[in-house]
Amino acid sequence: MAASGRSGQRIEPSFGGNEDDDDDDFRVEASDRVTTSRKAPRSKSSGSSKRSNGKKKAAAKRGGGRRGSGGGGLVGLVRTLFYWCIVLGIWGAMGVGGLVLYYGARMPSAESWSIPERPPNVKILAVSGDIIANRGTTGGEALSLENMSPYIPQAVIAIEDRRFYSHFGVDPLGLARAMLTNVTTGRMVQGGSTLTQQLAKNLFLSPERTLERKVQEVLLAFWLEQKYSKDQILAMYLNRVFFGSNAYGVEAASRRYFNKSARDVNLGEAALLAGLLKAPSRLSPARDPKAAEERAQIVLGAMREEGYVTDSEIKTAMSQTPTKAKSYWSGAEHYVADMVMDQLPGMIGEIKEDLVIDTTIDLNLEKKAEEVIAATLDADGKKLDASQAALVSIDGTGAIRALVGGKDYAESQFDRASKAKRQPGSAFKPFVYAAAMEIGRTPMSIRNDGPVRIGNWTPENYDQKYRGEVTIADALANSLNTIAAQLVMEVGPSNVVKVAHRLGIDSEMQANASIALGTSEVSLVELTSAYAPFMNGGFKATPHVIRRISKADGTVLYENTYDNPPRVLDPAIVSEMNQMLVRVLTKGTGKKAQMKGWEAAGKTGTTQSFRDALFVGYTSNLTTGVWFGNDDGKSMKKVTGGGLPAKAWHDFMMAAHEGLSPSPLFGTTGVQPVFDEGVGAPAGDLMSGDPEAFPEAPVGVDGGVAVGQRPVDQGGDPWGGQNVDQGNGGMVPPADVGQTTGATRRTTLFDILTGG
């Protein structure tokens with residue numbers, strides 16, 4: 001029994017807790033058989049019964065112990081997992097805390113943290129106060145939440161950060177959802193960053209994706225939430241975030257894509273803007289309108305889920321025509337904006353804060369000018385091989401009222417009105433004639449239209465015909481090259497250059513005989529402004545587009561009204577020039593520019609091989625110059641200044657003067673013709689020596705202007721009885737062009753100077 005008992009003890013541990021109940025029963029029976037075979041009892045007794053019962057109890061006990069052991073293993077496993085989760089959580093928290101401390105220590109002290117200044121914006125305004133453009137790094141002014149369309153913040157919150165107003169800078173639920181989505185899809189589908197985190201990244205951090213940057217982003221988000229209100233954070237975000245197509249902030253994006261302020265954005269437009277935040281460049285409507293609209297539909301659905309909009313509002317927004325944005329800023333007014341930005345540094349230095357620029361531009365005139373140029377090129381440009389055109393229109397003070405630098409700003413941003421320099425051709429001749437008037441010639445002076453040779457140069461007329469004796473007035477009206485060459489010889493090229501510079505030409509010019517035909521290159525802006533003294537009675541008209549530069553708070557940094565210009569031409573000469581230049585339109589090369597009901601004057605210009613064609617003309621209100629040609633200098637199909645340019649000039653000026661009361665040009669009424677005592681210079685070999693050996697200006701002339709020395713009709717003063725030496729006579733256009741006052745009396749430069 002002792003051996004059997006020891007044998008039983010050795011066997012029991014080999015089964016306990018390792019096998020199931022059926023196997024245990026089987027082994028107990030086998031043990032009984034082994035025990036019986038070794039020592040059978042002589043008879044059945046109570047002792048054997050007790051042993052049998054003891055074995056059964058032991059077996060039952062072992063089975064019960066194993067069942068209890070099995071239940072304890074599951075609980076133990078749970079306890080073990082819970083234990084290690086706590087341990088790992090503690091270690092993980094310690095690790096995260098260590099990383100936060102480490103990367104946080106690498107950042108500057110929180111006391112030194114501050115919101116970086118938003119890049120300055122330059123708001124450019126027309127005379128009406130309407131916005132021409134916003135320029136600067138952002139391309140738009142900053143708006144408060146109260147001033148922007150309420151749909152914009154709602155759309156952004158709905159699609160980007162639904163719990164924005166409830167989280168503390170980091171959204172654990174949103175982060176967990178994004179992680180789960182990314183794991184299940186196997187790729188980066190969602191981001192867990194809140195708007196506060198995105199703002200922190202945009203304000204302070206680089207775009208690189210590193211653990212250090214992410215930790216710093218979270219710390220900065222906590223700081224932003226502690227320092228600023230939710231509305232302030234949202235406003236900062238909306239005014240700085242990138243919306244694609246070089247537009248930063250909602251105002252810039254709204255004007256870029258919808259040509260309107262963010263104040264006026266509707267529901268569908270707000271959804272499109274919010275949709276761009278996922279991938280601004282890829283989803284830009286300028287690049288992929290369809291993708292932008294599809295994303296906008298998703299945003300609208302999110303807004304409905306958040307309760308920002310109703311089903312009827314969604315239906316209305318979805319039925320709207322998809323937005324079509326051009327690939328670049330469009331509109332001729334952007335040529336003006338570029339001009340303003342080019343001039344600003346020279347006026348105030350570096351731009352360090354938001355500025356408001358008041359310009360001289362009349363947006364109505366600007367639109368009319370753009371329409372006329374585009375319509376003329378569309379109608380005749382292709383068949384006449386003319387691909388580009390430019391227009392500039394100024395008033396009597398030199399204020400630029402309209403400027404178009406090319407056919408389409410979206411296609412080409414080069415400003416052909418102010419930056420391109422080209423030969424003006426015969427459009428330069430008025431300066432030659434004005435110089436001749438200053439040395440005593442008159443419109444009725446006689447010259448011989450015949451072959452002329454100046455050294456090795458033999459100028460010819462456009463039609464290669466000669467007319468014999470003609471008046472200077474007829475010569476200018478018909479743009480006779482031979483007469484212009486003779487006058488240059490009489491006056492002297494250097495004196496012609498002086499007159500042109502005095503009237504407004506800034507470009508360097510060569511003082512040679514060929515200047516009579518406009519061989520020195522000038523810009524359209526300076527050429528046009530040099531005609532303005534003929535229109536305003538002889539005063540300098542410095543071309544300018546900026547009237548005032550102010551800070552955002554209204555502090556004026558620069559202001560110039562150009563209301564005290566110097567006199568550059570004697571009124572008598574102005575009168576004579578106007579009488580002659582009117583004949584260019586009534587009897588000469590500029591007939592297509594005639595304006596019904598208005599007295600107008602001007603001059604055509606065509607360069608060699610029809611490369612450039614110009615018309616510069618004026619009324620008592622505006623002086624306008626128009627150029628047609630090609631950027632590469634390619635010849636057009638016999639396009640002259642009296643063709644496309646004169647037609648476009650007429651169309652623009654008629655639209656610009658609609659509703660205004662007609663008024664005559666300065667010095668063209670009540671004036672009798674004056675004849676000089678000399679006879680015409682003979683045609684033939686007029687110069688064989690030094691090209692610079694020309695007569696000097698008459699003695700006593702200050703800068704070539706013989707003020708008050710011109711003979712006038714004895715019957716009365718042709719300038720309304722005013723003393724011409726006082727420099728205050730003559731009519732000039734009003735300060736605000738294109739507006740109907742309902743009165744026949746016009747505001748003049750004399751009124752401005754005297755306060756009348």
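Closest heavy-atom contact between Ile400 and Met339: CD1-SD, 4.1 Å. Residue Ala648 comes nearest to Thr376 through the heavy atom pair CB-OG1, 3.9 Å, listed as atom of the first residue, atom of the second, then distance. Of all non-hydrogen atoms in Ala369 and Leu391, the two that sit nearest each other are CB-CD2, 3.8 Å. Of all heavy-atom pairs spanning Met509 and Phe428, the tightest one is SD-CE1, 3.6 Å. Taking both residues in full, the closest heavy atoms of Val582 and Ala601 are given as N-CB, 3.6 Å, listed atom of the first, atom of the second, then distance.
Residue Ile361 is tested with Asp130, Val545, Ile124 for a side chain to side chain contact (heavy atoms under 4.5 Å, CB included); the sole match is Val545.
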Go through Phe610 and Thr640 one step at a time and tell me if the side-chain contact (heavy atoms from CB on, under 4.5 Å) criterion holds.
CA-CA 7 Å; Phe610 304 99; Thr640 65; 3.8 Å; yes

Give the intermediate values and the outcome of side-chain contact (heavy atoms from CB on, under 4.5 Å) for residues Asp570 and Met437.
CA-CA 10 Å; Asp570 186 284; Met437 300 297 106; over 6 Å; no

So Ser284 and Ser245, side-chain hydrogen bond (donor to acceptor under 3.5 Å, both in side chains) or not? Walk me through it.
CA-CA 7 Å; Ser284 168; Ser245 296; 2.9 Å; yes

side-chain contact (heavy atoms from CB on, under 4.5 Å) between Thr589 and Val584, intermediate numbers included
CA-CA 6 Å; Thr589 58; Val584 174; 3.9 Å; yes

Yes or no on side-chain contact (heavy atoms from CB on, under 4.5 Å) for Lys603 and Val616, after CA distance, side-chain angles and deciding distance?
CA-CA 6 Å; Lys603 185 68 185 74; Val616 184; 5.9 Å; no

Any chance you could lay out the salt bridge (charged side-chain N to carboxylate O under 4.0 Å, His left out) test for Lys367 and Glu371, step after step, and finish with the verdict?
CA-CA 6 Å; Lys367 294 299 182 183; Glu371 292 170 2; over 6 Å; no

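Remark: the Ser620 side chain and the Ser663 side chain contain an N/O donor-acceptor pair separated by less than 3.5 Å. Side chain to side chain, Ser261 and Asp264 fail the donor-acceptor criterion of an N or O pair below 3.5 Å. Of the N and O atoms on the side chains of Lys407 and Ser412, not one donor lies less than 3.5 Å from an acceptor on the other residue. Using modelled atom types and a 3.5 Å distance limit, the side chains of Tyr618 and Asn578 yield a donor-acceptor pair.
Without hydrogens or angle criteria, Lys592 side chain to His650 main chain gives no donor-acceptor distance under 3.5 Å.
Note: Phe539 CZ to Leu569 CG = 10.5 Å, rounded to the nearest 0.5 Å.
Taking the six-membered ring for Trp and thresholds of 30 and 60 degrees, Phe615 and Trp649 have ring planes more than 60 degrees apart, a perpendicular arrangement.
Here the side chains of Trp598 and Asn621 are in contact, with some heavy-atom distance below 4.5 Å. Between Glu269 and Ser254 there is no side-chain heavy-atom pair separated by less than 4.5 Å. Between Ile357 and Arg135, every side-chain heavy-atom pair lies at or beyond the 4.5 Å cut-off. A 4.5 Å side-chain heavy-atom check between Gln343 and His544 finds every atom pair outside the cut-off. When side chains are defined from C-beta on, Asn564 does not count as touching Tyr562, because their heavy atoms never get closer than 4.5 Å.
Salt bridge Arg502/Glu438: present, at least one basic N to carboxylate O contact under 4.0 Å.
Residue pairs meeting the salt bridge (charged side-chain N to carboxylate O under 4.0 Å, His left out) criterion with at least one partner in residues 637-656, sequence neighbours excluded, are Lys647-Asp651.
Partners of Thr519 according to the side chain to side chain donor-acceptor pair (under 3.5 Å) rule, which considers only residues two or more places apart in sequence or in another chain, are Ser514.
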